[in-house]
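Only one structure is covered here, and it is reproduced in the block below.
Any value given below was found using the heavy atoms of this structure, including those in side chains, with hydrogens, waters and symmetry copies removed.
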Amino acid sequence: MNHYCKYHPGTAALWYCPHDGLHLCQQCVDGGDGPSAVAHCLLCNQPLAAADAERSRTPLWQQLDRYLRFPFSPQWLPVALIWAGLAALLPPLWISVAVVLLGGLPAMGIGSAVLAERGRERSSRSRRATTSGWRALTPLSRWRTALFQGLPVLVVLAGSGVLLLTVSVSAGLLVGGLLLLLVPAIWLAVEVEGAGPGAYAAMPGLLLSASRDGLVAALFASLGWMLCVALISVAMDLLPMPAVQALAAGLAGCWWLALSALCGDLLARHGRRWGYQGAAVPRATEPLDQRRERVQLAAGAFDRVLIGVSKTLKGKKATLADWQQHDRLLAVLGREDERRRRREDYLDVLIGAEAWQEALALLARQRREEPQWLPGSAGLRLALARGVADSAPKVAVQLLKDLHEQHPGFDGVGEAYLLLAQILAEQFGLAGKAEQYLRFVESHCRDAKLRQQVARCREAWA
């Protein structure tokens with residue numbers, strides 16, 4: 001059974017947490033980046049085990065059902081279906097053989113990528129395992145590897161087919177069955193040694209060093225092909241030729257992908273002995289604290305995330321996003337008392353970031369609970385009123401009126417009442433009420449600039 005990460009669906013799980021019983025990918029792991037490093041779970045901080053440890057101890061021959069199911073997964077089944085559809089549309093001519101073989105090129109490329117990725121998933125556990133799917137056909141290097149792996153097999157299949165049609169069925173099956181025993185060795189040699197004619201020289205050593213696993217892979221390749229030929233022979237007596245051609249191409253695609261998966265696991269088990277390092281996979285560049293926070297949020301461990309965010313708020317590098325997340329977490333956890341205690345600090349941050357709509361939402365939320373509530377700081381009220389004077393003038397009036405009585409020692413009361421007078425006169429048309437605040441500024445404030453502004457306001461409203 002293929003395991004996928006609990007918190008990153010579609011990503012292969014490289015680790016297993018015995019404490020929580022979770023399968024995790026590299027994004028959910030702290031450490032484990034080196035051969036001697038110990039990976040720990042980002043949720044419980046317990047040491048992790050390799051997700052495939054139990055599978056790697058199971059003999060390959062006991063997992064053959066898994067390889068037979070592999071081509072029928074939603075991700076890979078289209079590879080065989082496209083090949084089958086192309087074969088069904090072609091007439092039974094010799095020219096169609098070449099076209100069908102060309103139609104199998106995507107299966108060759110995908111099969112090569114499956115082999116490499118399954119071999120890399122466990123031979124390089126410190127990296128994040130990804131399944132590239134159809135994107136595996138993009139790199140030219142993968143096409144080169146696929147051609148060196150697939151061309152010898154196509155030659156054997158074509159030769160066996162000629163013998164089946166021209167000599168005898170038994171001769172074709174015998175020759176094909178014997179030669180296809182070498183297919184796993186061919187594929188592994190090209191993957192380990194690189195795409196080139198010299199890679200084939202490593203075939204005997206690889207197959208022999210794999211011992212029992214190598215024998216299982218060889219028999220799987222040969223017997224699987226013979227079974228496909230037997231099914232096609234039966235279908236020729238029962239189905240029309242287009243359906244037979246489609247069946248043959250579909251079985252070939254499934255056989256190719258299943259064998260690729262088996263060879264990938266064989267490479268994962270014995271690759272280190274062969275010197276296989278695996279292709280480079282981009283490492284996760286996201287900082288560890290961000291990965292931990294994202295995993296904890298996905299797991300619903302909001303209290304743990306809140307502890308980390310609270311520490312961030314105590315530092316000087318806290319951002320608006322940190323405060324927003326802190327407020328959301330308090331709401332989710334139902335800590336309304338603590339949320340009320342931090343409301344003015346949060347409002348101050350919103351004003352500094354000029355997030356006026358969020359500041360108004362915070363003010364409205366608090367006034368629903370306490371209808372008469374206003375920020376306790378006079379400076380905070382003035383700054384908020386300046387920001388919302390145009391969009392929410394009624395709120396600005398509520399923030400500024402009676403400010404001299406509630407905060408008699410506030411130095412900015414002149415600026416506050418001058419702003420209040422402007423709002424009353426210009427947005428509500430209450431010039432008489434605005435005049436009262438202008439007189440207060442004249443009588444209580446000695447700042448010449450404020451007096452000049454008062455005079456200008458009167459001229460404008462005259």
Residue set satisfying side chain to side chain contact (heavy atoms under 4.5 Å, CB included) with Lys401, at least two apart, ordered chain then number -> Leu420, Tyr437
Side-chain donor or acceptor of Trp255 paired with backbone N/O of Ala221 under 3.5 Å: yes
Minimum heavy-atom distance between Pro71 and Cys254, given as atom pair plus value: CG-O, 3.3 Å
Would you mind listing every side-chain hydrogen bond (donor to acceptor under 3.5 Å, both in side chains) that reaches into residues 374-390, with sequence neighbours excluded? Arg381-Gln406, Arg386-Glu415
Tell me whether the rings of Phe440 and His444 are parallel (<30°), tilted (30 to 60°) or perpendicular (>60°). parallel
Only one of Gln436, Lys433, Glu435 passes side-chain contact (heavy atoms from CB on, under 4.5 Å) with Leu424, and that residue is Lys433
In terms of side-chain heavy atoms, does Tyr417 have a donor or acceptor partner in His404 at a distance below 3.5 Å? yes
Determine whether the side chains of Glu358 and Gln324 contain a donor N or O and an acceptor N or O closer than 3.5 Å. yes
Sequence neighbours excluded, which residues qualify as side chain to side chain contact (heavy atoms under 4.5 Å, CB included) partners of Ala252? Trp83
Test of understanding: with side chain to side chain contact (heavy atoms under 4.5 Å, CB included), list the residues that count as partners of Ala448, not counting sequence neighbours. none
Check the pair Glu293, Gln325 against side-chain hydrogen bond (donor to acceptor under 3.5 Å, both in side chains), reporting the backbone distance first and the verdict last. CA-CA 11 Å; Glu293 180 179 299; Gln325 186 177 29; 3.0 Å; yes
Result block: side-chain N/O donor-acceptor pairs under 3.5 angstrom for residues 306-315, not counting sequence neighbours:
residue: Ser310; atom: OG; partner: Leu306; partner atom: O; Å: 2.8
residue: Thr312; atom: OG1; partner: Gly308; partner atom: O; Å: 3.1

Does atom CZ of Arg456 have more than 12 heavy-atom neighbours from other groups under 6.0 Å away? yes
Would you give me the side-chain donor-acceptor pairs under 3.5 Å for residues 329-339, sequence neighbours excluded?
residue: Asp337; atom: OD1; partner: Arg340; partner atom: NH2; Å: 2.4
residue: Arg339; atom: NE; partner: Asp327; partner atom: OD1; Å: 3.0
residue: Arg339; atom: NH2; partner: Asp327; partner atom: OD2; Å: 3.1

Can a donor-acceptor pair be found, under 3.5 Å and without considering hydrogens, that links the side chain of Asp345 to the backbone of Arg342? no
